[in-house]
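Worth saying up front: this structure is predicted, and the values here are computed from it rather than measured. Sequence lines set the chain letters: A, B, ... in the order given, protein chains first and strands last, and positions in each chain run from 1.
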Protein chains: 2
Amino acid sequence: MESITILLADDHQLVRAGIRSLLNHFADIEVVAEADNGLQVLDLLKTCKPAIILMDITMPEMNGLEATTTVIRDYPDTKVILLSMYANEEYVRQALQSGASGYILKDAAPVELELAIKSVLNGATYLSPVISHQVVCDYVRNTGSSSHNLQGKLTPRQLEVLKLIAEGCSTKDIAASLRISPKTVESHRAQLMDRLETYDVVGLVKLAIKNNLIKSRD
Amino acid sequence: MESITILLADDHQLVRAGIRSLLNHFADIEVVAEADNGLQVLDLLKTCKPAIILMDITMPEMNGLEATTTVIRDYPDTKVILLSMYANEEYVRQALQSGASGYILKDAAPVELELAIKSVLNGATYLSPVISHQVVCDYVRNTGSSSHNLQGKLTPRQLEVLKLIAEGCSTKDIAASLRISPKTVESHRAQLMDRLETYDVVGLVKLAIKNNLIKSRD
DNA sequence: TGCGAAATAGGGGAAAACCTTAAGCACAAG
DNA sequence: CTTGTGCTTAAGGTTTTCCCCTATTTCGCA
């Protein structure tokens, strides 16, 4: 079995040495390069193609997040696992957005290293307990019984109207786009509010977003 | 080292036997009980306290999702890993909502079993690649650069007003709640739209949601 | 000391929302 | 075959909001 090649990036020599030592316990894992900032990572990638980059977020010159974005753009098959001292939501979001496959806290159990490496090689995303909890909670919150409620409770026409309302169309626009009178649109809107028990446009928009009728960002 | 106790639940004997055989390769994992439906799982838990329940979603009598809800309610320390044939979003959501710590597809690589078991024991959530991808994408989509844009671009007062608008308050309500004239609220709203380059209430609401000024559900 | 930005607020006409009512139609139940 | 229920359509009239303009006061900062 071929060994798993790893590039280790952290600006503190001692930390790198420690992690390398931990990884040495695994016969099938080999640290093939080390870097102490993001730029150096990008440089090393020109000549060496590790399966996994294990990288600190906080580094001088170029931090781990920026480096990840570039790495994933240029070498999309490379898996990046980010290390961080903080469970900060913003970091996590940026990490996942830039294409990282893992996010491990520095106070994680050593076994997490192994789990993360194997998980990401297998195609999954590995997040430290606290982080995965955050992400899962968010998922459960936002995917509120998706589409179930509405699809069942509203007529097709009402759904159409709701969708247009939530997209920001004025009553007139909607009327034009559906070829009906503005007054009819008003009726639909009123009935929507009635059924959804929400008595303002804002509520309608929120419901529409919740049910994925529209994207929450433009 | 004490071995990891597992309760295996699936309505097909052959599947149970197969998984048990896979788990037998690990010296430190021990399947201590088997069930073929959710009710039986609950029954078994009265006398046996496994660390992990590995359970199919689709089962007669009581399915894995319902069973999970009850298990987590009554034995919150037990980790539940659900097995399913489908990457169906609704299932995943329900699974996570009912407190499952893992969701593995039945066509997963065998190594996932081990990864999932160790991950959940460590407190993390394990999701098969396809699933974790879904969840992460959703997370990245919904947590849109939280608070960054707005906090910087708007005055405190404008933020207050925006928040109330997005909560569905009418101009009058906002005026009353801030003890200012409705006309002033209109001014603020106009300036908000100006700065945010969004020319309807819907856009304001979406921005507010995107920036977590309010929750997207009520 | 003045200058811009923030917060306040009014007038007035256009536009939209809100409430009520209802007609035409389809389809299912009685 | 009639009755009822639900969907789509729509109008009239009242209330509210929107929108453009103007204007005052109070800041901090140059």
Give the rounded distance in Å between these two atoms: [atom1] of [X] and [atom2] of [N].
{"X": "B:Ile174", "N": "C:dT8", "atom1": "CD1", "atom2": "C1'", "value": "16 Å"}
{"X": "B:Leu192", "N": "D:dC18", "atom1": "CG", "atom2": "P", "value": "12 Å"}
{"X": "B:Ile180", "N": "D:dT25", "atom1": "CD1", "atom2": "C1'", "value": "15 Å"}
{"X": "B:Asp200", "N": "C:dA15", "atom1": "CG", "atom2": "P", "value": "17 Å"}
{"X": "A:Tyr199", "N": "D:dT17", "atom1": "OH", "atom2": "P", "value": "18 Å"}
{"X": "B:Ile165", "N": "D:dT17", "atom1": "CD1", "atom2": "P", "value": "12 Å"}
{"X": "B:Leu159", "N": "C:dA6", "atom1": "CG", "atom2": "C1'", "value": "13 Å"}
{"X": "A:Lys172", "N": "D:dA10", "atom1": "NZ", "atom2": "C1'", "value": "17 Å"}

* Structure fact -> Separation between CG (B:Leu82) and OG (B:Ser128), nearest 0.5 Å, reads 11.5 Å
* Asked: Within less than 4.0 Å of OP1 or OP2 of C:dA15, is there a side-chain N or O belonging to A:Ser170?
  -> no
* A:Thr155 vs D:dG6: side-chain N/O to OP1/OP2 distance below 4.0 Å -> no
* Going by distance alone, is a donor N or O of one side chain under 3.5 Å from an acceptor N or O of the other, for B:Asn122 and B:Ser119? -> no
* Name every residue in residues 182-191 of chain B that has at least one heavy atom under 4.0 Å from any atom of DNA chain D, in order of residue number, or write none if there are no such residues. => B:Lys183, B:Glu186, B:Arg189
* What is the nucleic acid contact for B:Arg179, judged by heavy atoms within less than 4.0 Å: base, sugar-phosphate only, or nothing? -> nothing
* Asked: Looking at D:dT8, D:dC19, C:dT8, which one has an atom nearest to any side-chain atom of A:Gln158?
  -> D:dT8
